[in-house]
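What follows is one structure encoded as structure tokens, with my remarks underneath.
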2 protein chains.
Amino acid sequence: MKIGDLATEVGIDIQTLRYYETQGLLDEPQRLQNGYRDYPDKAIASLMFIKKAKLVGFTLKEIKDLLAIQVTKDEHTCQEVKKFTQIKLDEISKKIKELTHIKSALKKIHTSCCGGDETAAHCSILSALES
Amino acid sequence: MKIGDLATEVGIDIQTLRYYETQGLLDEPQRLQNGYRDYPDKAIASLMFIKKAKLVGFTLKEIKDLLAIQVTKDEHTCQEVKKFTQIKLDEISKKIKELTHIKSALKKIHTSCCGGDETAAHCSILSALES
DNA sequence: ATAAACCCTAAAGTATACTATAGAGTCAAG
DNA sequence: CTTGACTCTATAGTATACTTTAGGGTTTAT
């Protein structure tokens, strides 16, 4: 799979794919005889993950770390992975919690603020969050 | 409340507070006789919201838009708010969904990959997401 | 009354994550 | 056999979100 096909497939710019490669987020693919990059199908999964992780506020560095998770039978590495995943799980729980708060505030504005006569006073994100 | 106190209170740098003001995210506060900014208590709530919204991947521009939600009795404005909040609700639902996926993958790695003998093969974020 | 700690503006500098440009080679269709 | 679409590297430019610097005034504690 050539870079243009991959770019179309995942909806990411060609330049960005090459940039991700330089940053170590995307494995260096095999090259064809002519020097063109030849991506394996699994590159699609990697990029979809990168897209989604970016959407929810992870930096490229953090995403790189997530993609780098590897457990070996070495106890040391195992403990490190346990520790790392725990930290990330906590971060994610926090993110979900914050999103849930913001969502409920927006929902409140969406469902009630355009209905009544005197409800408009509460229809800002901050006042919706307060109550 | 002076800018240093506010900065300490919310855990955001003084320079960043002034930057947010220039970007229209934070209301211009009253000034004391000496020209110092004098923030009302509600600035704390605004900044906590900004922090949380940033954490989950919203840009300053998007946060500004969220903070600007105002419903008046004007039908036109009301429809605009409805439309805007619906779009944001969809975005947030998507973010929560993605975070939930990533979370379950990490949980899988966290709970199972350091246990058995031959489990290590599945212990990457991508393979954990697949299944 | 003076030094440390705080505040001000304006402007330059930095990190992250792209995005575009230049100059060149490769390939498929007519 | 050439033209248009694709690829390559290297490098420069841009947008966002800070962060630092410079040069100055104010407040508080000793």
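Atom set for the values below is all heavy atoms of this structure, side chains included, hydrogens, waters and symmetry mates excluded. Below, read A as the first sequence line, B as the second, and so on, with proteins coming before strands; counting in each chain starts at 1.
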From CG of D38(B) across to P of dC8(C) the rounded distance in Å is 10 Å
Could you check whether R37(A) gets within reach of a base, just the sugar-phosphate, or nothing at all, counting any heavy atom under 4.0 Å? sugar-phosphate
Establish, with yes or no, whether the OP1 or OP2 oxygen of dA15(C) is under 4.0 angstrom from a side-chain nitrogen or oxygen of K61(A). no
* Would you mind classifying the nucleic acid contact of I3(A) as base, sugar-phosphate or nothing, using non-hydrogen atoms under 4.0 angstrom? => sugar-phosphate
Rounded to whole Å, the OH-C1' distance (Y19(B) to dT9(C)) equals 17 Å
L32(A) near the nucleic acid: base, sugar-phosphate alone, or nothing, with a heavy-atom cut-off under 4.0 Å?
nothing
Legend entry - Check ion pair D65(B)-K61(B) (N to O, under 4.0 angstrom): yes
Exercise. Hey, what do you get for C123(B) versus C113(B): SG atoms under 2.5 Å apart or not?
Worked result: yes
Does E62(A) pair with K88(A) as a salt bridge, N-O distance under 4.0 Å? yes
With K95(B) as the cation and F58(B) as the aromatic partner, state whether NZ or CZ is under 6.0 Å from the six-membered ring centre and within 45° of the axis.
yes
Taking 4.0 Å as the cut-off, does a side-chain nitrogen or oxygen of R18(B) come that near to OP1 or OP2 on dA11(C)? no
Here the distance between atom P of dC27(C) and atom CG of D5(A), to the nearest Å, is 15 Å
Side-chain N or O of N34(A) versus OP1/OP2 of dC27(C): is the shortest distance under 4.0 Å? yes
* Taking only side-chain nitrogens and oxygens of K54(A), does any of them come within less than 4.0 Å of OP1 or OP2 of dC18(C)? -> yes
dG25(D) phosphate, OP1 or OP2, under 4.0 Å from Y36(B) side-chain N/O: no
